[in-house]
A.B. asks: 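Attaching a single structure in C-alpha cells format; questions to follow.
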Amino acid sequence: MVKTSRRDLLIGAAATMSLGVLPARAMPVMTDDGYYRETWFIESFLELADDHAAAKTKGKRFAVMWELKGCPYCKETHFVNFARPDISKFVQENFEILPLNVIGSRKVTDVDGEELSEKQLAAKYGVKFTPTIQFFPTSLDGIKAVPPIEREVIRIPGYLKPDDFLDVFRFVQQRDTGVKSFREFLKTRSG
C-alpha cells in the first residue's frame with residue numbers, strides 16, 4: 001500500500017496547475033436575500049466613486065451588475081458565463097464588479113455624488129433589464145457634466161451568450177488603446 005503525504009499532494013497540485021489545468025471553480029453563493037454572487041464580487045460601502053478609485057488603483061476597470069431576485073438570466077450569467085474558467089479568470093484579473101439590486105432600497109452614492117436608492121439609481125441610468133452590466137470609464141473627471149446614460153463606456157443590457165459576453169469585457173479592457181467602438185473591436189478580432 002502506497003501512502004500519500006501532504007507534500008505529494010501539493011507537488012501533484014502544482015504539477016497539474018503548471019500543465020494549465022485549472023482547479024474547480026467556486027460556485028456562486030446565494031445570499032440571504034436570494035441573490036447569486038460570485039465570491040470575487042466586491043463588497044462596498046456603496047460609494048461608487050470610491051469603488052471606481054479602488055478598482056483603478058488595482059489596475060482594473062469598474063462595472064456595476066444590476067440583478068433582480070428570481071431573474072433566470074441573472075442565474076444563467078452566474079452558472080453559465082462566469083462558470084467558464086476563461087471568462088471568470090479574465091473578468092477577475094481586469095474588473096471590479098459591484099452587484100446592485102435593480103429594485104433595491106439600499107442607499108448608493110453615485111459617481112457624481114448624488115445619493116439615491118438602488119431603484120432610483122437604476123432609473124437614473126435607464127436600467128430596465130436584468131442582468132445589466134454598466135462599464136464606467138477609467139477617469140471620472142468632469143463626470144457631473146455628462147448625462148448619466150453617456151457616462152458608460154458600454155453596457156450589456158440583458159443576457160449574452162458566453163463568447164459575446166467575454167468579447168464585451170475584452171473590448172472594455174482594451175478601450176483606452178485606441179479602439180473606438182465595439183463594432184470596430186469585433187472587426188479587428190475577426191480580420
Side-chain angles (χ1 to χ4, degrees), residues 25-52 54-55 58 60-111 116-138 147-175 181-183 185-186:
R25 177 184 110 70
M27 296 300 287
V29 174
M30 182 175 276
T31 62
D32 291 338
D33 55 357
Y35 290 87
Y36 288 103
R37 295 290 181 257
E38 300 300 318
T39 57
W40 44 268
F41 276 3
I42 62 174
E43 293 293 326
S44 172
F45 290 112
L46 303 179
E47 301 273 343
L48 300 189
D50 290 348
D51 294 335
H52 181 279
K58 294 177 185 177
K60 297 181 179 188
R61 301 294 297 252
F62 176 66
V64 171
M65 182 171 174
W66 293 95
E67 297 184 73
L68 181 64
K69 183 177 179 179
C71 164
Y73 293 112
C74 298
K75 182 177 180 180
E76 191 150 337
T77 299
H78 291 284
F79 283 89
V80 175
N81 295 20
F82 287 134
R84 269 194 25 193
D86 60 327
I87 293 174
S88 182
K89 182 177 189 286
F90 184 84
V91 174
Q92 286 181 66
E93 288 176 353
N94 296 288
F95 292 86
E96 292 283 297
I97 298 180
L98 174 65
L100 293 177
N101 175 354
V102 74
I103 59 169
S105 59
R106 295 182 301 170
K107 291 293 180 194
V108 181
T109 303
D110 192 8
V111 293
L116 304 158
S117 71
E118 290 167 290
K119 182 178 181 177
Q120 291 168 325
L121 184 65
K124 177 180 177 176
Y125 282 97
V127 174
K128 296 178 180 161
F129 308 103
T130 58
T132 290
I133 302 177
Q134 294 178 279
F135 297 92
F136 287 87
T138 54
I149 196 69
E150 294 176 21
R151 294 176 183 173
E152 303 166 10
V153 171
I154 195 170
R155 81 168 44 177
I156 299 174
Y159 180 75
L160 286 179
K161 295 289 183 188
D163 290 334
D164 298 328
F165 185 77
L166 180 56
D167 277 341
V168 174
F169 278 91
R170 286 181 173 147
F171 165 70
V172 173
Q173 192 264 340
Q174 296 177 20
R175 180 75 160 83
S181 70
F182 186 57
R183 184 174 300 223
F185 170 78
L186 291 175

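Source: prediction; values computed, not measured. One-based numbering along the sequence shown.
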A.B. asks: Can any side-chain N or O of His78 pair as donor or acceptor with the backbone N or O of Val29 at less than 3.5 Å?
C.D. replies: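 It does not hold such a pair.
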
A.B. asks: Between Met27 and Thr39, what is the shortest heavy-atom contact and its length?
C.D. replies: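 So the minimum-distance heavy-atom pair works out to O-CG2, 4.4 Å.
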
A.B. asks: Testing the basics here: between Trp66 and Val102, what is the closest heavy-atom pair and its distance to 0.1 Å?
C.D. replies: CE3-CA, 3.6 Å

A.B. asks: Tell me, please, which residues at least two apart from Asp50 pass side-chain hydrogen bond (donor to acceptor under 3.5 Å, both in side chains).
C.D. replies: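 If we apply the side-chain hydrogen bond (donor to acceptor under 3.5 Å, both in side chains) test to Asp50, skipping adjacent residues, there are no hits.
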
A.B. asks: Side chain to side chain contact (heavy atoms under 4.5 Å, CB included) with Val80: which residues, sequence neighbours excluded?
C.D. replies: Glu76, Tyr159, Pro162

A.B. asks: So, using side-chain hydrogen bond (donor to acceptor under 3.5 Å, both in side chains) as the criterion, who are the partners of Asp110 when residues are at least two apart?
C.D. replies: Lys124, Tyr125, Arg151

A.B. asks: Measure the spacing between CG of Leu121 and CD of Gln134 and express it to the nearest 0.5 Å.
C.D. replies: 7.0 Å

A.B. asks: Less than 4.5 Å apart, side chain to side chain, heavy atoms only: is that true for Leu98 and Leu46?
C.D. replies: yes

A.B. asks: Who passes side-chain hydrogen bond (donor to acceptor under 3.5 Å, both in side chains) against Arg170, sequence neighbours left out?
C.D. replies: none

A.B. asks: Residues in salt bridge (Lys or Arg N to Asp or Glu O under 4.0 Å) with Glu93, at least two apart?
C.D. replies: Lys89

A.B. asks: For residues Phe45 and Thr109, determine if any side-chain heavy atom of one lies less than 4.5 Å from a side-chain heavy atom of the other.
C.D. replies: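 Not touching, per the 4.5 Å side-chain cut-off.
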
A.B. asks: Taking all non-hydrogen atoms of both residues into account, name the closest pair between Leu68 and Cys74 and its distance.
C.D. replies: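 So the two residues come closest at N-SG, 3.9 Å.
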
A.B. asks: Considering non-hydrogen atoms only, spot the tightest contact between Gly34 and Lys69 and give its length.
C.D. replies: O-CG, 3.9 Å

A.B. asks: Look at the side chain of Asp51 and the backbone N and O of Phe62, then say whether any donor-acceptor pair between them is shorter than 3.5 Å.
C.D. replies: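 Here the side-chain-to-backbone pair does not exist.
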
A.B. asks: Using a cut-off of 6.0 Å, state whether more than 12 heavy atoms not belonging to Phe129 lie near its atom CZ.
C.D. replies: no

A.B. asks: With sequence neighbours left out, what residues match Asp164 under salt bridge (Lys or Arg N to Asp or Glu O under 4.0 Å)?
C.D. replies: none

A.B. asks: For the atom pair NZ (Lys107) and OG (Ser117), what is the distance rounded to the nearest 0.5 Å?
C.D. replies: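 Answer for the NZ-OG pair, Lys107 versus Ser117, is 5.5 Å.
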
A.B. asks: Measuring only between side-chain heavy atoms, which start at C-beta, is Arg61 closer than 4.5 Å to Val153?
C.D. replies: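 Yes, close enough: below the 4.5 Å cut-off.
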
A.B. asks: About how many Å separate CG of Asn81 and CG of Leu160, when rounded to the nearest 0.5 Å?
C.D. replies: 7.5 Å

A.B. asks: Tell me every residue that passes ring-ring contact (aromatic ring centres under 6.0 Å, His included) with Tyr35, counting only those two or more places apart in sequence or in another chain.
C.D. replies: none

A.B. asks: Listed by chain and number, what are the side chain to side chain contact (heavy atoms under 4.5 Å, CB included) partners of Lys75, not counting sequence neighbours?
C.D. replies: Tyr36, Phe79

A.B. asks: List for me each residue that meets salt bridge (Lys or Arg N to Asp or Glu O under 4.0 Å) alongside Glu96, sequence neighbours excluded, and say none if there are none.
C.D. replies: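 Listed in chain order: Lys58, Lys60.
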
A.B. asks: Measure across Ser88 and Gln92 and return the closest heavy-atom pair with its distance rounded to 0.1 Å.
C.D. replies: OG-NE2, 2.7 Å

A.B. asks: If the threshold is 4.0 Å, N to carboxylate O, is there a salt bridge linking Asp86 and Arg84?
C.D. replies: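 Yes, charged N to carboxylate O under 4.0 Å.
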
A.B. asks: Would you mind reporting whether Thr77 and Phe82 have side-chain heavy atoms less than 4.5 Å apart?
C.D. replies: yes

A.B. asks: Taking the side chain as every heavy atom from C-beta outward, state whether Phe169 and Ile87 have any atom pair closer than 4.5 Å.
C.D. replies: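 No - every pair of side-chain heavy atoms lies 4.5 Å or more apart.
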
A.B. asks: Holding to side chain to side chain contact (heavy atoms under 4.5 Å, CB included), I want the full list of residues that pass it with Glu43, two or more places apart in sequence or in another chain.
C.D. replies: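 Expected list: none.
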
A.B. asks: Please name all residues satisfying side-chain hydrogen bond (donor to acceptor under 3.5 Å, both in side chains) with Arg155, sequence neighbours left out, ordered by chain then number.
C.D. replies: Glu152

A.B. asks: Where is the tightest heavy-atom contact between Met65 and Pro131, given as atom of each residue plus distance?
C.D. replies: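 Where Met65 meets Pro131 most closely, the heavy atoms are CE-CB, 4.0 Å.
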
A.B. asks: For the pair Glu118 (side chain) and Leu100 (backbone), establish whether a donor and an acceptor sit closer than 3.5 Å, ignoring hydrogens and angles.
C.D. replies: no

